[in-house]
Amino acid sequence: MGAISAAGGDIAETLECFAAGRRNLGKVTLFASSLDYPVFEVRRPFVYSSKYKSRTIQLVLTALDEALAGAGLDRDMSGRRVGVCMGTTVASQLNDVDFYQSYRKEGAAGMEPVENFLKGNLAEVVSAELRATGPAVTVVNACSSSSDAIGVALSWIRNGICDLVIAGGGDELNRIPLCGFGSLSVFSHKPCRPYDRDREGLNLGEGAGVVILESERSARARGAVPGLFVAGYGAACDAHHLTAPRPDGSGLETAVRGSLAEAGVQPSEVCFVNAHGTATRDNDKVEGSVLARVFGTDAKVLSTKGYTGHTLGAAGALEAVFSALALREGWIPASAGFENKDDEIPIGAVRERTAITGQYAVSTSLAFGGNNASLVIGRCS
Amino acid sequence: MGIVFSRGRGIASLEQALQEGWVPPSEVEVRGLDSRLPVYPVSAETLTDKAVLAKARRADRFVRMSVLAASDAIQDSGLAGSLDKQRLGVIIATALGPHVTTFNFLDGIIDFGDAAVSPTAFSHSVHNAAASYVAMTLDVRGPTLTMTHFHFAFHDALLLARAWLDEKRCDSVLVGAVDELGTVMEYACGRMLKPAKDGRIKPFAFSLSPEAVPGEGSVFFLLTRETSGAAYAAVEPGDFTPGSFPAGSGLLLTDNSGMSGDESGYRVAVAGGMQAASYMPVFGSIMTGSAFQAAAGALVVKRQMRYACPVQDNPHCVNICSETVAGPVSNVLCLRLDCRGQGRTVRLMH
């Protein structure tokens, strides 16, 4: 596993940040904007390679290196059935303001931004870096992109399409989503407070999370001893609204129950839920109601967005990594920003670092377009 | 299947286009380009269907093309009344996404500033807006996924659909592709591609710098585990190893259309002697063009009809299909190569 976000440049730093309850929030420095909402920016210098212009690619390759090292794998994957499935939002769009402004004003523009865009498909880049020859897919499912990417990877492994899949996602802080989410009035001027009664909205963040999924046979063949696994994936569409979740949460409930059924896991076996928990009024209310219905009102729930902000296409992968880390380490951090339970939500979040002893965790994602995704992460007993 | 392309909407339009063959493209004046650009755009009239688009009234062309093709695919399947919408999935492949709306959103930033942009433009600029509208229109409650790749997005969409069906995640999957043309993309095409001055994509020229006629559209397939009476073909996505030669009595369709640079690799692929054709000159140059070619291939299999190549320039004397003839076609192999020589196939079987 590999992770980079405002919470830390790698897994060790991230765990330290979680343990300390630190929230690295501040003004955006990467670009100019008249919007002064606080953001979770990766401040650590991390330029991976001058070969790539895209910050998202730099973030993903940084997390990829950590994941490969942790799995004891080389960068050269040629000769193996290796797939790549990455989620993103920003990196999929040709949204260079300077390029477009130049074309609008002058009727001409340099083609370099377009060329960079055409060379910058996230999965294609990772696949080329690893000399992988399996399928390479960039999932663009808005905020559930990288949860879905991990779900796709699971399907590839289970169906024998690949022996090993590099899965995850990344997104950089960018002016376009800052303006876009700003126009939807979903930002908070303060540090976000997922699930809290007084929550005012989300903070934008950036980062990348990468996991390496491998078939048991492939892992055994190279002498690897996996400690964690993806046990199940569920996905369902609300078919309701482009930006708002279905009020009854039935799409999310289908996704969560589907992931549990696929994993063969009962809700009572799940020791915590890493919720999507954006800290918007709608998301937390709908999601909290669903989690209470499935897991009961005493379930341990947290949102790590209090440490990372909403990292959009990276969120699902980062949160899957954080969930797996918690299972491995035996504790979950306090759900940063949560103080007061909301009477409209039948479930609260954990207020302090909490020991966990179970074998399974669930990580949920909701997205524009009505996408709902749920991953069941397991720890080998 | 359902299709929206420059020659119209629906299977009848596709069949008519394959029977008629090549027609001259439109030519558009593009700001910043010295000469007019040949293009195959989808007409505005094609995208006016108030009944089907009732839930997409505020949506852009990218969404409208998708919703119409997806809805038509369901109708064409004859399964509309029996599909379990909870068990129906959607996978959409796109190379460039709804870039026209993305640029509209940038207009807002440039003209009005960061704090005064349109939330509607933003929410429609995300790649999965089309999948969302398809789901809302057809009440799809299963998994919906949008994926992007500049060469093999459609092939990977098929591969995933097959996996979803095999692992019983879904009973049926709507797999589609959509890409659009807009002013900025026309400018980029004019600068980065070699527009065909005579308006003809020449798939069998196998050129190092092939000519293109940018196109747009959407095509959807309803895939199920079981074969129904309305089925076109069995579908099998696969890999193509450079240097191997497709052989047999079927039909080889090459997906090259001037969008991916050097097309000389296709010359090796046709050396096996399998009769070849390419219907890309009917659709235009589209990054997800393999999906449109697969639709043509599916019709070949269903009708047991080899349609003549719409453009028959054939300097390398390939065994191409030069006239439309009825006769047995056991399988059609659609081949796509990328600029690195990697290849993917879609096999369609009777």
Side-chain angles (χ1 to χ4, degrees), chain A residues 33-35 89 92-95 97 100-101 103-104 106-109 111 114-115 118 121 123-124 133 135-142 148 151-152 155-156 158-159 161 175-185 235-243 250-251 254 262 367-371, chain B residues 31-32 85-86 90 94 96-97 99 102-103 105-110 113-119 122-129 131-133 135-136 138-153 155-156 159-160 162-164 166-167 169 184 187-188 191-192 340 342:
Chain A
S33 174
S34 61
L35 301 174
T89 62
S92 65
Q93 293 184 317
L94 178 54
N95 58 12
V97 178
Y100 181 61
Q101 196 159 15
Y103 179 66
R104 239 181 55 144
E106 314 288 344
M111 284 293 107
V114 182
E115 286 164 5
L118 293 173
N121 182 288
E124 287 190 57
T133 54
V137 164
T138 299
V139 175
V140 281
N141 257 18
D148 290 313
V152 170
S155 285
W156 286 351
R158 286 186 169 167
N159 285 276
I161 294 166
R175 188 177 169 196
I176 310 307
L178 185 75
C179 296
F181 282 103
S183 73
L184 292 164
S185 303
C237 188
D238 280 347
H240 169 68
H241 192 271
L242 198 53
T243 58
S250 56
T254 300
E262 187 171 293
F368 269 20
N371 299 325
Chain B
R31 190 168 170 241
K85 301 293 180 68
Q86 300 277 346
V90 176
T94 179
L96 300 167
H99 54 80
T102 300
F103 291 127
F105 183 68
L106 298 191
D107 280 332
I109 293 176
I110 294 166
D114 291 12
V117 292
S118 158
F122 176 63
S123 59
H124 286 74
S125 72
V126 296
H127 276 50
N128 66 320
S132 175
Y133 274 104
M136 283 190 280
L138 302 173
D139 195 30
V140 175
R141 303 297 188 93
T144 56
L145 196 104
T146 304
M147 55 172 59
T148 176
H149 191 283
F150 293 127
H151 304 286
F152 302 129
H155 304 83
D156 285 326
L159 193 68
L160 182 63
R162 172 74 182 265
W164 281 3
D166 285 350
E167 65 191 6
R169 189 176 298 280
V184 182
Y187 172 70
R191 290 281 307 274
M192 300 178 77
R340 290 191 295 167
Q342 300 286 333

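Since this is a predicted model, take the numbers as computed values, not measurements. Residue numbers begin at 1 in each chain, while the letters A, B, ... track the order of the sequences. Reckoned from all heavy atoms, side chains included, excluding hydrogens, waters and symmetry mates.
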Participant: Taking every non-hydrogen pair under 4.5 Å, which of A:P135, A:G370, A:G182 racks up the most with chain B?
Facilitator: A:P135
Participant: Which atoms of A:E106 are under 4.5 Å from chain B, going by heavy atoms: the side chain, the backbone, both sets, or neither?
Facilitator: backbone
Participant: Using 0.5 Å steps for rounding, measure from the CG atom of A:N95 to the NE2 atom of B:H99.
Facilitator: 13.0 Å
Participant: Would you give the length of the straight line joining atom CG of A:N141 to atom CG of B:N128, rounded to the nearest 0.5 angstrom?
Facilitator: 5.0 Å
Participant: Highest number of heavy-atom pairs under 4.5 Å with chain B: which of A:T243, A:L242, A:T254, A:V139?
Facilitator: A:L242
Participant: Looking at A:G151, A:S92, A:A123, which has the largest count of heavy-atom pairs under 4.5 Å with chain B?
Facilitator: A:S92
Participant: Name the region of B:S125, side chain, backbone, both or neither, that has any atom closer than 4.5 Å to a heavy atom of chain A.
Facilitator: both
Participant: Quick check on A:L94 against chain B: is it the side chain, the backbone, both or neither that has a heavy atom closer than 4.5 Å?
Facilitator: both
Participant: In terms of side-chain heavy atoms, does B:E167 have a donor or acceptor partner in A:S155 at a distance below 3.5 Å?
Facilitator: yes
Participant: Give me the atom names and distance for the closest heavy-atom approach of B:A135 to A:A239.
Facilitator: O-CB, 3.5 Å
Participant: Determine whether a donor-acceptor pair (N or O, by modelled atom type, separation under 3.5 Å) exists between the side chain of B:D114 and the backbone of A:R175.
Facilitator: no
Participant: Which residues pass the ring pair (Phe, Tyr, Trp, His ring centres under 6.0 Å) test with B:F152, sequence neighbours left out?
Facilitator: B:H149, B:H155
Participant: Using salt bridge (Lys or Arg N to Asp or Glu O under 4.0 Å) as the criterion, list what pairs up with B:R162, not counting sequence neighbours.
Facilitator: B:D166, B:E236
Participant: Can you tell me which portion of A:A136 sits under 4.5 Å from chain B's heavy atoms? Options are side chain, backbone, both or neither.
Facilitator: both
Participant: Out of curiosity, B:S132 OG to A:D238 CG, how far, rounded to the nearest 0.5 Å?
Facilitator: 9.0 Å
Participant: Please state whether the side chain, the backbone, both or neither of A:A236 comes within less than 4.5 Å of a heavy atom of chain B.
Facilitator: both
Participant: So, the side chain of A:Y103 versus the backbone of B:R31: is there a donor-acceptor pair under 3.5 Å, distance only?
Facilitator: yes
Participant: Quick check for you: among A:L178, A:T133, A:I161, which has the greatest number of heavy-atom pairs under 4.5 Å with chain B?
Facilitator: A:I161
Participant: Pick one of side chain, backbone, both or neither for A:I176, based on which atoms fall under 4.5 Å of a heavy atom in chain B.
Facilitator: both
Participant: Counting only heavy atoms closer than 4.5 Å, note whether A:S250 contacts chain B via side chain, backbone, both or neither.
Facilitator: side chain
Participant: Please state whether the side chain, the backbone, both or neither of B:R191 comes within less than 4.5 Å of a heavy atom of chain A.
Facilitator: side chain
Participant: Going through the distances and angles, do B:L145 and A:V152 end up as a side chain to side chain contact (heavy atoms under 4.5 Å, CB included)?
Facilitator: CA-CA 10 Å; B:L145 196 104; A:V152 170; 4.1 Å; yes
Participant: Could you label the plane-to-plane angle of the B:F122 and A:F368 rings as parallel, tilted or perpendicular, counting under 30° as parallel and over 60° as perpendicular?
Facilitator: perpendicular
Participant: Please state whether the side chain, the backbone, both or neither of B:V140 comes within less than 4.5 Å of a heavy atom of chain A.
Facilitator: backbone
Participant: Taking A:Q93 for the side chain and B:T102 for the main chain, is one N or O donor matched with an acceptor at less than 3.5 Å?
Facilitator: no
Participant: Where does B:A129 contact chain A at under 4.5 Å (heavy atoms): side chain, backbone, both or neither?
Facilitator: both
Participant: Let's test your reading of the structure: which of A:R158, A:R104, A:H240 forms the most heavy-atom pairs below 4.5 Å with chain B?
Facilitator: A:R104
Participant: Using a cut-off of under 4.5 Å on heavy-atom pairs, state which of B:T144, B:L138, B:V126 scores highest against chain A.
Facilitator: B:T144
Participant: Which bit of B:T146 comes within less than 4.5 Å of chain A, counting heavy atoms only: side chain, backbone, both or neither?
Facilitator: both
Participant: Considering only heavy atoms and a distance below 4.5 Å, find which of B:H151, B:Q86, B:M147 pairs most often with chain A.
Facilitator: B:M147
